[in-house]
Amino acid sequence: MAATMIVAALVAGVYAALITMHVAAIRHDATANVRRPGLARWLAAAGERRRGHEECAAVQRRLAGGLGRAAYRGAMEALAARDAVEHPLQVPKARR
C-alpha cells in the first residue's frame with residue numbers, strides 16, 4: 001500500500017514538473033508555433049485573463065457611473081504599465 005502511494009506521488013510530481021516546464025516555455029516564447037498541452041496554455045494565460053477581468057471591471061464601473069473619467073484613465077494607465085513590464089515591446093533590429 002505504501003509503495004503504491006509513493007509511486008503515485010512520484011508520477012504526480014513528474015507530471016507537475018512537466019506542466020511547469022511547459023508553462024515557462026509558453027510564457028517566455030509565446031511566438032513559437034508549437035503544439036502545447038491545453039492545461040499548460042491555460043495556466044500560462046492566467047495573467048492575460050486577470051488583466052482582461054480588471055479592464056472589464058473598470059469599463060463596467062465607468063459605464064455605471066461609479067468611476068470618473070480621470071480615475072478610469074488612471075486605471076487603464078496602470079494596466080498598460082503592468083502589461084509593459086510583463087510583455088516588453090521587442091522591436092526587430094533594422095536591416096542594412
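With sequence neighbours left out, the side chain to side chain contact (heavy atoms under 4.5 Å, CB included) criterion links E54 to R50, L79, R82. Shown here are the salt bridge (Lys or Arg N to Asp or Glu O under 4.0 Å) partners of R51, two or more places apart in sequence or in another chain: E48, D83, E86.
Hydrophobic cluster membership differs between Y15 and V7, with clusters built from Ile, Leu, Val, Met, Phe, Trp and Tyr side chains linked at under 4.5 angstrom.
Residue M5 shares its hydrophobic cluster (ILVMFWY side chains chained together at separations under 4.5 Å) with no other residue. In this structure, I6 shares a hydrophobic cluster with no other residue, the cluster being traced through Ile, Leu, Val, Met, Phe, Trp and Tyr side chains under 4.5 angstrom apart. Listed by chain and number, the hydrophobic cluster partners of L89 are V91, where partners are ILVMFWY side chains within reach of under 4.5 Å, directly or through others.
The shortest non-hydrogen separation linking R62 to G68 is NH1-C, 3.8 Å.
Every pair tested for side-chain hydrogen bond (donor to acceptor under 3.5 Å, both in side chains) that includes a residue from residues 66-78 fails, sequence neighbours excluded, so the list is empty.
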